[in-house]
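Each remark here refers to the structure printed beneath this line.
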Amino acid sequence: MQLSLLHGFSTPATPVGKSQPAPELPIARVLLDSPLPHLDRPFDYLVPADLSDAAVPGVRVKVRFGGQELAGFLIERLASTDTTARLVNLGKVVSAVPVLSPEILGLAQSVAARCAGSVHDVLRVAVPPRVARVEKEFADRVPGAGTQDEPTAGTAEKAEEKNGPSDAPPKQGQPAGNPFRRYAHGPRFLSHLAAGHSPRAVLSSLRGYGPDAWPREIAAAVEATVLSGRGAVVVVPDQKDLARVMDALQDRVPADTAVRLTGEDGPTPRYRSFLRLLYGDASVAVGTRSAAYAPVANLGLVCIWDDADDLHAEQRAPYQHARDVLLLRAEAAGAGMLVASHTRSTEAQRLIESGWAAPLDAERALVRASTARVMSTADTFNLERDPLAARARIPHAAWKAAQDGLKRGPVLVQVARTGFSPALSCQDCREPARCRQCQGPLAQAGRNSPPACRWCARPEPRWHCPHCGSFRLRASTAGAGRTAEELGRAFPSVTVVSSAGDHIRSEVPDAPALVVATPGAEPVAPSGYAAALLLDGTAMLSRQSLRAQEETLRRWLTASALVRPASEGGVVVVTADDTATVGHLLRWDPAGAAERELALRRELGLPPAVRYAELTGSREGLEGFVSRLGLPESARIVGPAPVEESTVHGAEAAAQRWRTLCFFPYSEANVITPAMRAAKAALSARRTGDPVYIRVDAPDGL
DNA sequence: AGCACGCCGACT
DNA sequence: GTCGGCGTGCTC
C-alpha cells in the first residue's frame with residue numbers, strides 16, 4: 001500500500017500534455033522491453049521538443065505502456081504514424097549512446113524471423129546491459145568516429161590515457177608466415193580479404209597446437225581483413241578458445257585493435273569492449289556466441305571456430321545458433337565468412353555443396369605429413385592375457401601406446417563426459433559395476449534407461465554385485481576422475497592430470513604425464529602430445545542422436561589435432577567398433593565424412609538437408625497451433641509424440657508434454673517460420689494458457 | 001501487468 | 001433507470 005502511494009507521488013502529474021512535439025520527425029518508433037510475443041513489434045510515440053535532440057535511433061528509452069513504465073529501444077524517427085491510436089509522449093531517453101545500430105536491429109529481426117522467436121529475446125543477447133560508469137569514459141565521443149576515416153589522434157590518445165597503458169605483452173616468437181599456405185586456395189582466400197573482397201570458405205584445420213595451430217589461421221584471416229581497412233567478428237565456443245585467439249592476434253594486428261567480448265567477463269568489461277567497438281576504437285571482436293552481434297562497423301569478415309560445438313547454440317529462446325547468426329550477418333553486410341574447424345559439420349558441407357562457400361583443404365600428402373598415426377582397436381580385450389590392461393581397464397593396444405608415448409611426452413586420454421553417461425557402482429560396497437562379458441564399466445545413458453556397458457554396449461538390466469550380492473546401483477560422479485585414478489594405479493610413477501567440468505586445464509607442460517580429459521576440455525601441450533587414447537567411443541557412438549557419428553568424429557579429430565604428426569612419433573589409438581566413423585578418423589577425412597553424412601540426410605529428408613521446427617506443448621495446443629499455420633504441401637509433420645520429462649520448461653511437471661516435428665524445405669522457410677512466430681503471438685495475446693514452445697533447427701533435437 | 005469496455009445482476 | 005460486478009482484449 002505504501003509502495004503504491006509512493007509510486008503515485010513519484011510520478012508527478014505529467015507535463016507532457018502541454019509540451020510541444022518536436023518540429024521535425026515528431027514520431028519515435030520504439031521496441032519495448034517485454035517478453036510477451038504479441039508485444040514484440042514497434043509502437044509509436046510522440047517526441048516532445050525537448051527530447052528531440054537526444055531521441056536518436058538506437059538509444060535506450062523509457063515509455064509509458066499500458067499501466068506501467070517500460071524500457072525500450074528507439075529504432076526510428078518518423079514524420080508521421082499510420083496508427084489510429086492516440087499517441088503518448090516518449091517518457092525519457094535513458095542514455096545518449098545509440099547502442100542499437102540499424103545493422104544489428106536488422107540482424108536481430110532476421111534472426112527472430114528465422115527462429116520463429118521474438119526480436120526482444122535476440123536483443124537481450126545482442127545488446128549488453130548498460131553500465132553508466134563505463135559510458136562516462138566515452139563522454140563527448142561520436143559513435144563510429146574512431147580511427148579510420150578521420151585523424152582523431154587527440155581523442156584516441158585521451159582514450160588511451162583513460163584506459164591505462166596497453167597491457168599487451170611485447171610480441172614474442174615470430175609469426176609463422178602464412179598459415180593458409182597449406183590449403184589449396186588458402187593464400188587466395190587471404191589475398192581476396194586483404195584486397196577488400198568478401199570470400200566465403202570452410203576451412204578444415206589440421207593442427208591444434210604450436211605455431212601452425214588453428215588460432216594462427218584465424219588470426220591471419222583477421223589480419224588480412226584489417227589490412228583492407230575493415231573490421232572482423234570471431235566467434236569461438238568457450239573461454240579457452242577465446243584466450244587462444246586473442247593471443248594469436250597479438251602477433252597479427254596492432255595492439256588494441258581487437259577486443260574480447262563475452263558475457264563471462266562481467267558487465268563492466270563487457271560493456272567497455274562493446275563501446276570501444278561502437279565508437280570505432282577497436283575494429284575486431286572476438287568472443288563467445290553473443291559476440292556475433294558485436295557492433296563492428298564496416299564489417300569485412302565473420303568467422304566461427306568449430307561450428308559443430310553445441311556451445312554455439314543459445315540456451316534460451318529462440319535458441320539461435322552463432323553460425324546461423326553470422327551467416328545472416330555476412331549476407332546482409334556483404335562480409336566474407338570463414339567457418340573453421342578440425343572437423344566439418346553437415347551444415348558447413350551444405351554451404352559448400354550449394355556453392356555458397358569454398359572448401360579450403362590440404363592435399364592428401366600434406367594431411368598425412370601433418371597428422372598423427374591413427375590406430376583403431378576393438379572395444380573389448382582379453383582380460384586374462386592382459387592383466388595390466390585390465391587394471392587400467394583399457395585395451396592392450398591403448399595401454400601400449402600410452403606406455404610408449406610417456407617416454408616421449410604427455411599422453412592425452414579422452415573419456416566420455418561426466419553426466420553424459422555416469423559410471424555406476426554398487427550402492428552398498430561402492431565397487432565399480434562391471435560388465436559380465438568384458439568387464440567394462442556400466443553406465444546409464446539416461447535416468448530411466450537400463451544400465452549398459454560403456455565398452456561393448458551390452459545392456460545389463462538385472463545386475464547384481466559380484467562382491468556383496470547387492471542389487472542396488474548408484475551413479476558415481478567420477479567420469480574423468482575415476483579414469484584418472486585407475487590410470488594412476490596402472491602407471492604408478494606417472495603424473496596424472498585431469499581436465500573436465502569445473503576444473504578445466506587449458507595447457508599442460510611438454511613433460512611426460514597422463515592427461516585425462518573430457519571432450520572439449522583437452523588441454524594443449526605446447527609441443528603436442530606424444531600419443532592420445534580415445535576411449536568410450538562405443539558409448540559416444542551409441543548415443544540416441546542423429547548426430548552421434550558426426551559428433552564422435554568431431555571429438556576424435558579435435559583431440560587428435562593436439563597430437564604430434566606421425567613423423568614425430570605421434571600416435572592415436574581409438575577404441576570403438578563403428579567402422580565408418582573410425583575409417584574417417586583413420587584417413588583423417590572430415591570432408592568425406594561430411595559428404596557422406598549430408599548425402600544420407602538428403603536421402604532421409606532430415607536436417608540439415610531440410611530445415612525443421614520442434615514444437616512442444618499440450619496435445620490439444622499443438623493440434624490447434626499446427627492447423628493455424630496453413631503449412632504448404634512440402635512441409636512434413638511428424639507426431640505429436642509424448643516426450644520424456646528430461647528437460648522441464650516450467651515448474652509443473654505433471655502435465656504430459658508432447659512434441660510435433662515439422663520438416664520443411666529451405667525454400668519455404670521464409671514463409672513458415674514467420675507464420676509460426678505470428679501464431680505464437682496470436683496465442684499469447686489470447687492468453688488461453690497452453691503455450692507452444694518453438695525450437696527451430698535444434699542441433700541436438702533428433 | 002493494468003486498464004477499458006462490455007454485458008448482466010442489485011439497488012436507489 | 002443507474003451503478004457496478006469482473007470477464008475478455010488491447011496496450012502506441
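Naming convention: chains lettered A, B, ... in sequence-line order (proteins, then strands); numbering from 1 in each chain. As a basis for the values below, the full set of heavy atoms in this structure was taken, side chains included, without hydrogen atoms, waters or symmetry mates.
Judged by distance alone, the side chain of A:Y319 and the main-chain N or O of A:D697 form no donor-acceptor pair under 3.5 Å. One N or O on the side chain of A:R547 and one on the backbone of A:P699 form a donor-acceptor pair closer than 3.5 Å.
The distance between atom CD of A:E76 and atom P of C:dC12, rounded to the nearest whole Å, is 19 Å. Separating the CG atom of A:L39 from the C1' atom of C:dT11 is a distance of 7 Å, rounded to the nearest angstrom. Going from atom CZ of A:R86 over to atom C1' of C:dC10 covers 14 Å, rounded to whole Å. Atom P of nucleotide C:dC12 and atom NE2 of A:H38 are separated by 12 Å, given to the nearest angstrom. Here the C1' atom of nucleotide C:dT11 and the CG atom of A:L31 are 15 Å apart, to the nearest Å. Remark: C1' of C:dC12 and CZ of A:R77 are 15 Å apart, rounded to the nearest angstrom. Between A:F73 atom CZ and C:dC12 atom P there is a gap of 20 Å when expressed in whole angstrom units. As a whole-Å value, the separation of A:E69 CD from C:dC12 C1' is 14 Å.
In this model, a donor atom of one side chain and an acceptor atom of the other lie less than 3.5 Å apart for A:R77 and A:S52. For the residue pair A:W658 / A:E623, no side-chain donor-acceptor distance below 3.5 Å is found, with atom types taken as modelled.
Contact of the A:R611 side chain with the A:T673 side chain is registered, since non-hydrogen atoms from C-beta on lie closer than 4.5 Å.
Of the residues in residues 40-47 of chain A, those placing a heavy atom less than 4.0 Å from an atom of DNA chain C are A:R41, A:F43, A:D44, A:Y45, in numerical order.
Ring geometry for A:F663 against A:Y612 counts as parallel: the plane angle stays under 30°, on a 0 to 90° scale with 60° as the upper cut.
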